[in-house]
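Worksheet for the structure shown next.
Numbers for residues simply follow the sequence, beginning at 1.
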Amino acid sequence: MLPCQRALFDIPDDIAYLNCAFISPLMHSVVAAGEQAIRDKAQPWSTTAEDFFTGAEETRALFAQLVGADAEGIAIVPAVSYGIAVAAANLPVSGGQEILVLDEQFPSNVYAWVRLANERQASITTIPKPPKDARGRDWTSPILDAITERTAIVALPNCHWTDGALIDLKRVSAKAKSVGAALVLDLAQSAGALPIDVKEIEPDFLVAPTYKWLMGPYAMGFLYVAPKWRNGRPLEESWILRKGSEDFSALVDYEADYQPGARRFDMGERANFQLMPMAREALKQLLAWGVDNISETLRVKTALMAERANALGLETGDRAFFAPHYLGIRFPGGLPDGLVAHLRERNVFVSLRGTSVRVTPHLYTNDRDIDRLFDALEKVI
């Protein structure tokens with residue numbers, strides 16, 4: 001268990017921010033890194049050619065450490081949709097094959113597959129939402145049942161974005177490999193809060209943005225590319241992706257070869273002088289905390305909130321079916337009208353996703369925040 005880290009954030013005492021799955025707040029250290037980066041841009045004569053490479057390489061290595069990967073396998077991207085587009089541009093799909101997605105999956109991990117299926121005369125198979133019993137929803141079993149010899153790509157999250165329903169990626173990966181299907185993961189709602197090791201899961205592609213559980217800025221992210229795909233086709237043909245681009249004087253000597261590893265898939269202007277230092281600072285802190293420690297600390301918080309919700313007659317399901325950093329609260333009689341606005345008026349910030357009140361705390365969450373949430377909920381039951 002980690003102690004409360006609220007002092008590292010700019011969150012007033014009367015604010016209960018339980019919405020990290022929407023957008024995370026920035027730590028003071030991350031804000032300071034961004035402010036310094038803006039000041040540096042005001043005096044560009046201090047920027048050197050080497051700076052186009054060093055910051056990106058350090059940050060790439062930090063994310064690799066976070067997911068148990070090698071730095072050679074990490075590309076720097078601006079969004080999940082970009083990383084999914086890279087995967088779609090490189091994975092083989094033939095007519096008659098299928099691409100598997102989940103019911104109500106986040107669209108960044110759907111639209112590219114719809115286009116690819118249409119182009120290749122393949123099909124999209126949407127795995128229906130499993131029935132909910134008293135414990136929760138078991139997504140893993142229907143996913144395993146849906147993977148067949150026709151399956152070319154399995155495109156999934158680690159947990160469902162609406163309520164945090166957990167998927168056993170190890171079992172899914174094994175089944176996908178048994179039929180020769182590729183595994184593509186959108187970890188927007190888990191990277192940084194839920195431990196993952198790519199050596200264990202062996203995805204073909206894995207992408208995560210920095211603005212949620214990686215605690216960084218908006219418009220940055222990371223893409224893991226398995227070794228077998230690292231010689232693939234990038235979406236862009238930026239100068240910095242080419243071999244020898246460190247030598248600015250030779251850039252007009254056009255080079256056919258790319259930088260090594262997954263760097264060919266980096267976005268243009270990947271140095272991103274204003275955002276990269278912020279992402280780097282956030283990753284350093286996450287690694288200092290340890291994702292295992294973050295996950296366990298949040299598990300205790302959500303378990304406590306689930307108990308309090310259940311005591312009020314609200315439904316949360318069996319925590320074993322859900323990611324430890326997520327809590328979905330359901331009202332047996334349906335959601336009260338204006339619930340989110342009611343909570344916001346009382347400085348309690350959550351999200352409404354589907355039929356669930358999505359509560360997503362972090363290390364800045366304290367006992368007062370939890371009390372404030374349930375004091376507000378009691379008034380609408």
Side-chain angles (χ1 to χ4, degrees), residues 1-6 9 11-22 24-25 104 129-140 158-167 189-190 193-194 212-213 292-381:
M1 280 282 293
L2 293 166
C4 183
Q5 303 291 319
R6 197 181 188 92
F9 296 84
I11 304 176
D13 289 340
D14 63 344
I15 296 292
Y17 190 73
L18 301 167
N19 209 10
C20 194
F22 175 57
S24 71
E104 296 183 353
K129 183 184 296 184
K132 181 176 73 69
D133 59 22
R135 299 173 299 167
R137 298 189 193 277
D138 172 18
W139 275 105
T140 302
N158 198 166
C159 60
H160 204 288
W161 72 291
T162 60
D163 62 2
L166 194 59
I167 296 165
Q189 293 295 3
S190 57
L194 196 60
K212 293 181 184 288
W213 301 95
D292 286 332
N293 296 327
I294 295 170
S295 182
E296 175 59 19
T297 303
L298 298 183
R299 184 193 66 76
V300 172
K301 291 181 185 296
T302 55
L304 172 63
M305 288 189 282
E307 288 181 7
R308 293 187 62 170
N310 297 156
L312 294 176
L314 304 177
E315 299 175 350
T316 58
D318 186 340
R319 296 304 301 152
F321 282 81
F322 296 93
H325 56 301
Y326 256 75
L327 179 66
I329 298 177
R330 292 183 175 86
F331 287 71
L335 288 168
D337 292 338
L339 176 61
V340 171
H342 166 80
L343 294 175
R344 180 181 286 269
E345 288 171 0
R346 288 154 179 79
N347 286 342
V348 178
F349 297 86
V350 297
S351 287
L352 179 61
R353 296 294 182 264
T355 59
S356 296
V357 177
R358 189 181 70 181
V359 181
T360 48
H362 209 278
L363 299 183
Y364 44 76
T365 303
N366 59 30
D367 292 342
R368 290 192 302 276
D369 296 334
I370 297 173
D371 289 340
R372 186 179 291 273
L373 168 65
F374 285 98
D375 287 346
L377 288 177
E378 286 178 352
K379 290 179 172 59
V380 297
I381 293 175

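- Listed for the Thr302 side chain is no donor-acceptor partner under 3.5 Å among the backbone atoms of Leu327.
- The structure places CD1 of Ile15 at 3.5 Å from CG of Asn347, a figure rounded to the nearest 0.5 Å.
- Asp14 CG: more than 12 foreign heavy atoms inside a 6.0 Å radius.
- A donor-acceptor pair is defined here as one N or O able to donate and one able to accept, closer than 3.5 Å; such a pair exists between the side chain of His160 and the backbone of Thr162.
- In this structure a side-chain-to-backbone donor-acceptor pair under 3.5 Å is present from Thr360 to Ala21.
- Note that CZ of Arg299 is 15.0 Å distant from CD1 of Ile294, once rounded to the nearest 0.5 Å.
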Exercise for the section: Take Thr140 and Leu166 through the side chain to side chain contact (heavy atoms under 4.5 Å, CB included) test and state the conclusion after the steps. Expected result: CA-CA 8 Å; Thr140 302; Leu166 194 59; over 6 Å; no
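- Evaluation of the salt bridge (charged side-chain N to carboxylate O under 4.0 Å, His left out) test over residues 353-370, restricted to residues two or more places apart or in two chains, returns Arg6-Asp369, Asp13-Arg368.
- In terms of modelled atom types and a separation under 3.5 Å, the side chain of Gln189 and the main chain of Gly164 share no donor-acceptor contact.
- With Arg346 contributing its side chain and His342 its backbone, the two residues share a donor-acceptor pair below 3.5 Å.
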Exercise for the section: Could you walk me through whether Leu312 and Arg308 pass the side chain to side chain contact (heavy atoms under 4.5 Å, CB included) test, one step at a time? Expected result: CA-CA 7 Å; Leu312 294 176; Arg308 293 187 62 170; 6.0 Å; no
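- We find the CG-NZ distance between Asn19 and Lys212 to be 8.5 Å, quoted to the nearest 0.5 Å.
- Here the straight-line distance linking atom CG of Leu363 with atom CG of Leu2 works out to 5.5 Å at 0.5 Å rounding.
- Within the 4.5 Å cutoff, side-chain heavy atoms of Phe331 are placed close to those of Leu377.
- Among the candidates Asp163, Leu314, Leu335, Val357, the single residue satisfying the side chain to side chain contact (heavy atoms under 4.5 Å, CB included) test with Arg330 is Asp163.
- For Phe22, the CZ atom is loosely surrounded, since the number of other residues' heavy atoms within 6.0 Å does not exceed 12.
- Taking CD of Glu345 as the reference point, atom CG of Leu343 lies at 9.0 Å (rounded to 0.5 Å).
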Exercise for the section: Report the C-alpha separation of Leu352 and Leu339 in whole Å, then their side-chain angles, then the decisive distance to 0.1 Å, and conclude whether the side chain to side chain contact (heavy atoms under 4.5 Å, CB included) test is met. Expected result: CA-CA 9 Å; Leu352 179 61; Leu339 176 61; 5.8 Å; no
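- Here the closest non-hydrogen pair linking Ala309 and Phe374 is N-CE2, 3.4 Å.
- One N or O on the side chain of Lys301 and one on the backbone of Thr365 form a donor-acceptor pair closer than 3.5 Å.
- Under the 3.5 Å distance criterion, the side-chain polar atoms of Ser24 are left unmatched by any main-chain donor or acceptor of Cys20.
- Residue Ile370 holds its CD1 atom at 12.0 Å from CG of Asp375, rounded to the nearest 0.5 Å.
- With Trp161 contributing its side chain and Glu104 its backbone, the two residues share a donor-acceptor pair below 3.5 Å.
- Of the possible donor and acceptor atoms, none in the side chain of Glu315 sits under 3.5 Å from a partner among the backbone N and O of Gly313.
- Ring geometry for Tyr17 versus Phe349: interplanar angle of 30 to 60°, hence tilted.
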